[in-house]
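This report refers to the structure that appears directly beneath it.
Owing to the predicted nature of the structure, the values given are computational and were not obtained by experimental measurement. Each ligand, and each atom within it, is numbered from 1 in the order the structure gives.
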Amino acid sequence: MSFSISGKTAIVTGGANGIGLAIGRHFVDKGANVMFADMDEKQLVHELGENEEDSAQRYFAGDLREKLTQANLLSATIDAFEKVDILINASRQIVPSDALSAEDDAVEMLMQQNFMTALRLSQTVARRMIKQAEDDDDDENVIGAIINLSSIAARNTHPELLAYSVSNAALNQMTRSLALSLAENRIRVNAVAFGSVMSGSLQRTLKENREYRKEIEERTPLGRVASASELAETVQFLASDSSDFMTGQVLTVDGGRSLLDPVMVPAH
Ligand SMILES: NC(=O)c1ccc[n+]([C@@H]2O[C@H](COP(=O)([O-])OP(=O)(O)OC[C@H]3O[C@@H](n4cnc5c(N)ncnc54)[C@H](O)[C@@H]3O)[C@@H](O)[C@H]2O)c1
Ligand SMILES: O=C(O)C(=O)C[C@H](O)[C@H](O)CO
């Protein structure tokens with residue numbers, strides 16, 4: 001089967017909401033085991049609680065900025081599924097910060113949330129993937145895939161989105177650096193830069209503010225925003241052996257918006 005992820009184990013951060021939740025559900029549907037990780041325990045229980053006994057999906061609640069929490073997440077995943085093959089970094093925060101007056105705290109917060117958390121967790125999980133490959137006799141088949149969810153905000157710009165844009169640009173560069181470091185271990189690292197997606201806080205804004213939605217649609221050559229579930233298929237491709245020869249790439253999935261429109265439309 002193409003894009004097969006059946007039998008793989010994935011950790012999905014930001015798994016309680018939006019795109020992370022949609023990806024995790026899609027992966028379970030395609031035969032993967034998924035650990036949904038998020039700091040929003042109430043929402044994890046709300047979305048996944050009744051399936052707690054489902055052998056293919058588990059959840060882990062904690063603030064993933066903490067190194068110890070990340071180590072606990074990895075242990076919980078190994079306890080539940082014995083291995084980890086795929087890491088999807090989808091947790092994030094977005095708050096406006098003005099290019100001229102942004103305070104250190106605001107910039108540091110988004111760099112921690114959107115860049116450092118993904119870097120640390122990628123390092124932690126990659127070390128485990130390397131160990132798994134060393135322990136596996138038939139290691140020709142062993143691969144790892146790390147996928148960072150990024151934004152066209154890394155390339156496009158707006159003065160009110162300074163810290164968010166910079167944190168995503170850092171994530172893209174980290175994708176390339178880590179891909180080079182991990183290539184010899186056959187762990188692939190890629191990113192997807194989304195445009196506007198019907199998900200999370202943006203979904204609320206798009207629903208409440210028709211003018212804003214119209215503006216985004218008009219600025220997108222394909223004329224619409226994306227659904228979280230269609231994006232899950234792109235991420236599935238990057239997680240599967242079908243993209244076996246791809247690493248260090250940032251795939252833009254934005255309906256063509258970044259071709260025409262270098263200016264973001266801040267909504268948050
Ligand atoms: N929604 C969009 O239009 C859009 C556009 C471009 C890129 N993206 C990217 O897609 C990814 C998912 O976005 P989304 O819209 O689904 O976001 P969302 O806000 O709906 O979900 C983010 C999740 O991350 C969790 N989280 C935040 N900080 C955390 C922490 N320290 N520890 C644990 N969990 C934490 C939140 O609780 C939340 O459940 C992000 O990487 C984002 O940058 C989204
Ligand atoms: O949420 C993000 O990461 C985005 O890049 C989407 C934006 O918030 C929105 O489309 C801004 O133009």
request  = Kindly indicate, with the supporting measurements, whether the criterion side-chain hydrogen bond (donor to acceptor under 3.5 Å, both in side chains) is fulfilled by Q123 and R127.
outcome  = CA-CA 6 Å; Q123 291 168 333; R127 281 194 281 269; 5.1 Å; no

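Counting heavy atoms from C-beta on, the side chains of R65 and Q113 come closer than 4.5 Å. By the 4.5 Å heavy-atom criterion applied to side chains, M39 and L64 are not counted as neighbours.
Placement of L119 and V250 in two distinct hydrophobic clusters is found when ILVMFWY residues are connected by side-chain heavy-atom separations under 4.5 Å, directly or transitively. Residues I5 and M246 share a single hydrophobic cluster, defined by chaining ILVMFWY side chains whose heavy atoms lie under 4.5 Å apart.
E41 CD: 12 or fewer foreign heavy atoms inside a 6.0 Å radius.
Protein residues having a heavy atom under 4.0 Å from any atom of ligand 1 are G14, N17, G18, I19, D38, M39, D40, G62, D63, L64, R65, A90, S91, R92, Q93, Q113, L149, S150, S151, Y164, F194, G195, S196, V197, S199, G200, L202, listed by chain and number.
Listed by number with element, the atoms of ligand 2 under 4.0 angstrom from any heavy atom of I216 are 10 (O). Near S151, meaning under 4.0 Å from any of its heavy atoms, are these atoms of ligand 2: 2 (C), 3 (O), 4 (C), 5 (O). Listed by atom number, the atoms of ligand 2 under 4.0 Å from Y212 heavy atoms are 9 (C), 10 (O), 11 (C).
Under the 4.0 angstrom criterion for non-hydrogen atoms, R257 is in contact with ligand 2. Note on ligand 2: R92 sits in its first shell, one or more heavy atoms being nearer than 4.0 Å.
Side-chain N or O atoms of Q70 include one that pairs as donor or acceptor with a backbone N or O of L121 at under 3.5 Å.
Salt-bridge annotation for R204 and E208: absent, with no side-chain N of the basic residue lying under 4.0 Å from a carboxylate O of the acidic one.
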